[in-house]
Amino acid sequence: MNEPTSLDRNPPRWRRLETSAGDAGGSHAAAEGVEPLPLLASPVALPISRLLRSCALSRRTSSAEPWAQSPSAACCCPQPTHSSSPMERLKSAVPAELRRAVGEGAAADLPSTTSRLLAFLEALPLFRQVIGELTDTELALCRKDKGRAAELKGKGNACFSKREFEQALGFYSQALRYFPISPDGTDASLIATLYVNRASTMHKLGLLEECLRDCDRAISVSPNYAKAWYRRGMVNASFKNYSSSIHDLEVALSMEVTSSGKSNIEQELKLILQKHQNVNEVGTSSSNCINADMQHTEQQPKVILECTSTPNKGRGMTSPNDISPASLIHAEDPLAVIILKSCRDTHCHYCFSEAPADVVFCTSCTIPIYCSNRCQEKAIGQMSCNQNTRLESNNNVVDIAKLSVTSTKSKTPDSKQIAEHRHECGGVHWAAVLPADIVLAGRIMAQYIEKQLLAGKRSTISGPNLDLVHHYDQDSSASKFESHIYATVLLLCLQSYYKSGVTWAEDSLSQLVLLICQIKVNSIAIVHMKSMDGGKVLTKGFSGFSGAFMCSVEQVRVAQAIYMSGSFFNHSCRPNIHAYFHSRTLILRSTEYIKAGSPIELSYGPQVGEMDLPERQKSLRENYYFSCGCSSCSVLSLSDLVMNSFCCPQSNCLGAVSELIHHRHKENFVHVSIGESDVCTLSLPDVSKFDEDIVKVGKLFFKSDTMFNIDPGFCMSCRSQLDFSSAVAMSDRATSKINRLKELPSLDNVPEVLVAEALQSLEQIEKLRHPYSKALAQAHDTIAEAFAKVGDQEQARKHCEASIKILEKLYHPRHITIAHELIKLVSIELSMGDGASAAAAFARADAIFSLYYGPDVKRILPYVDALRRTVSERCAMYYAGAETP
């Protein structure tokens, strides 16, 4: 099943740390440890990650380069292993007394603890070695290498000669990655040759748009290169853009010096001239269709947001006006952003779109990849400012009790945004090996320094004063110590880059520690949606489609960012706004009617329907330092009663049986606990405003005003007792058997005995689990997918519908999760040829998607538009057939 989209957080390097009730607007992303890069497959055709891996590059490793990894790793820049990394040895070298002082210190003690640690480390040979390896350009592992580029080019040529085009494409791309670009352009012809070689390979592979872009790049660096004009002419002919093709070939003919080359061009030109006379032209463009170039066309939000403060939740967002469903609430670009390690070889490092085959590399190092020259220039060259939020206040102080935020996308013409990668460049590899949140801290610090320098302020540098909470005092001892270590390393890396151009204040290291903590607490994971399975088929069209699949999507975390205004939005387990992203831009949209003055809240991860009450509260307390008091965590709800519950042993009773202890008070409150651990206290709902199922599930809560307990294993409706431990064991075994279907590499030839066993296990789960439990919904979903893949679409539809009915109880009928499940149902019904039912299910899903994404549905979920066309075609065919005598 598809989990709900939210500002999802992963456990960071130390632990998950998020905002407390004092400022519950912080949002968190995955902070990554110093570890090897996983090799992920990119979803694009001929994924760049696979192409780069196909080169089987050997890695420069030696005892003098302890940061280096095994030769089998794919990323160009090395990552150390956990067991022997210099950072681990460095931390181990710090005396226990100093570690204890750091771990037990508070924020007020930072000037002392940071200076003590710095003094110790500066006298440590290992520390000097680590800093040297990270910053010395002579030891840089991410520097350009002309000899290596030539070697890779030769391997690409060899693969091309053997018609191993995918492998050749990977080698040519890696050669471009390593090839140094000289400022005087002396190597322009060699770079142009690499671009043309890669273009020729992509032409063979049918990647015409990518081929055309590489031809343009070759011509831009070497305008007199005949082969570049010839290749562009040939790909334009493939596009049937004959006028451009003829022009390019004529230019190539005028530049070609060999008689054989001229003869070949003349023959091709003659053929294309003949085609030009007989065929209408189809124009094309060589520009990249990338996220960074696709502007958000919807009218910018006019919702006035007020940042207010309350005793229980601290700062949070409201509006003085009523807000309609699907309204665009807020749009904001990040203060700073960094790609996650898992996406370094699969996604553009600037706009975070999936990398195309004609990937572009940094001009000065081998770390980042970009989807276009435009993204490359934005990351390492001059950039235009794109401030997204204007803070309006009568005071100059930002952290006042109340201020207004007008959500706009305003630009300041006379200001410049700092190129985010420049200070990490030149081949030094500290940005490749340090955790993502530490590199993000470096980007914020570098941005602050550059702005100071641009403004002519050469005063002593301390650090950016971000108006964000840090929760340093609540942090664990281990986390405080690691923050100190990484802040010290990062500071020296930045000092190495800026050298004598910047004077550092005494408290700069303390400020850097707090900045790292602020990032842990407030950073947001940028998530892009990726269609799985049938989604790929859907985007290509259905031309006589009769295949069997279930279309689904998954969220891919691609980057980690700081959004200054976005951090002010508080959390709710039943949020009234939805967060998604345009490239790196955070978009917030209302999902229900929001009354003026009401809290405007998003989900930090935990949501009703996804987690039950104890799990949500535990997660928020451990990771955000607050107990949630949202409406779903303060009022008894059906979802929390049934999600992980078992059914009553009495067959005619809908009551739920759980592991929780429920103590009902006379004052219509229910105290919930697990064993000796308190969870929270809930008020009883007004049953007239809720589904009557909640009364059937927990009849005892509404039966009288007396005090009583419902212990674990007892029915909440009739007090019948269940052997709870046995029921849990039997349910787990049955679920395990059903999940075996997921482990099969292919379900095309699934053994019938396995399907029969899964159905028997489902019957057992139905007897044990509550009819509205999530375990039962997941079992139905798994079996539906299995039946869809083996071609039994009737059974697939039956189980898919059963799963959806349960999820509607756990979430609500217009939740985004329901829309994704309905898309699965649509794909099944299309496979059955039931166009009318598919249209009805799609209409429901489309309405929910429009609520959550507005006009951005086509961009965020492109397969939905293809599915819409297919459903319309099937309906037209259905009704046309019905009218035929």
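All values derive from a computational prediction rather than experimental measurement.
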Point-to-point distance, once rounded to the nearest 0.5 Å, from [atom1] of [X] to [atom2] of [Y]:
{"X": "Tyr225", "Y": "Ile191", "atom1": "OH", "atom2": "CD1", "answer": "12.5 Å"}
{"X": "Asp358", "Y": "Arg217", "atom1": "CG", "atom2": "CZ", "answer": "4.5 Å"}
{"X": "Leu269", "Y": "Met234", "atom1": "CG", "atom2": "CE", "answer": "10.0 Å"}
{"X": "Asp333", "Y": "Ser583", "atom1": "CG", "atom2": "OG", "answer": "8.0 Å"}
{"X": "Cys343", "Y": "His528", "atom1": "SG", "atom2": "NE2", "answer": "9.5 Å"}
{"X": "Leu212", "Y": "Asn236", "atom1": "CG", "atom2": "CG", "answer": "5.5 Å"}

Tyr350 ring centre to Arg584 NZ or CZ under 6.0 Å, with the angle to the axis within 45°? yes

Pair Phe361 + Tyr370: ring centers closer than 6.0 Å: no

Residues in ring pair (Phe, Tyr, Trp, His ring centres under 6.0 Å) contact with Phe160, at least two apart in sequence or another chain: Phe165

Partners of Phe849 by ring pair (Phe, Tyr, Trp, His ring centres under 6.0 Å), sequence neighbours excluded? His820

With sequence neighbours excluded, residues passing salt bridge (Lys or Arg N to Asp or Glu O under 4.0 Å) with Glu210: none

Main-chain N/O of Leu169 paired with Ser173 side-chain donor or acceptor, under 3.5 Å: yes

What are the two closest heavy atoms between [X] and [Y], and how far apart are they?
{"X": "Val221", "Y": "Ala188", "result": "O-CB, 3.3 Å"}
{"X": "Cys365", "Y": "His421", "result": "SG-NE2, 3.3 Å"}
{"X": "Lys341", "Y": "Val433", "result": "NZ-O, 3.8 Å"}
{"X": "Cys348", "Y": "Cys371", "result": "SG-N, 3.4 Å"}
{"X": "Leu194", "Y": "Leu176", "result": "CB-CD2, 3.6 Å"}

My understanding is that only residues two or more places apart in sequence, or in another chain, count here; which of them pass side-chain hydrogen bond (donor to acceptor under 3.5 Å, both in side chains) with [X]?
{"X": "Ser238", "answer": "His203"}
{"X": "Asp136", "answer": "none"}
{"X": "Ser200", "answer": "Arg231"}
{"X": "Asn157", "answer": "Tyr172, Asn197"}

Partners meeting side-chain contact (heavy atoms from CB on, under 4.5 Å) with [X] (sequence neighbours left out):
{"X": "Ala252", "answer": "Trp229, Tyr230, Ile265"}
{"X": "Pro180", "answer": "Lys144, Lys146"}
{"X": "Val428", "answer": "Thr137, Trp430"}
{"X": "Glu266", "answer": "Leu253"}

Name the orientation class of the two ring planes belonging to His276 and Tyr242 (parallel below 30°, tilted from 30 to 60°, perpendicular beyond 60°). tilted

NZ/NE/NH1/NH2 to OD/OE distance under 4.0 Å, [X] and [Y]:
{"X": "Glu424", "Y": "Arg443", "result": "yes"}
{"X": "Arg868", "Y": "Asp865", "result": "yes"}
{"X": "Arg869", "Y": "Glu873", "result": "no"}
{"X": "Arg177", "Y": "Asp145", "result": "no"}

In terms of side-chain heavy atoms, does Thr258 have a donor or acceptor partner in Glu256 at a distance below 3.5 Å? yes

Steps toward side-chain hydrogen bond (donor to acceptor under 3.5 Å, both in side chains) verdict (Thr366, Arg143): CA-CA 6 Å; Thr366 60; Arg143 63 183 181 271; over 6 Å; no

Residues, nucleotides or ligands: over 12 heavy atoms within 6.0 Å of Lys204 NZ: no

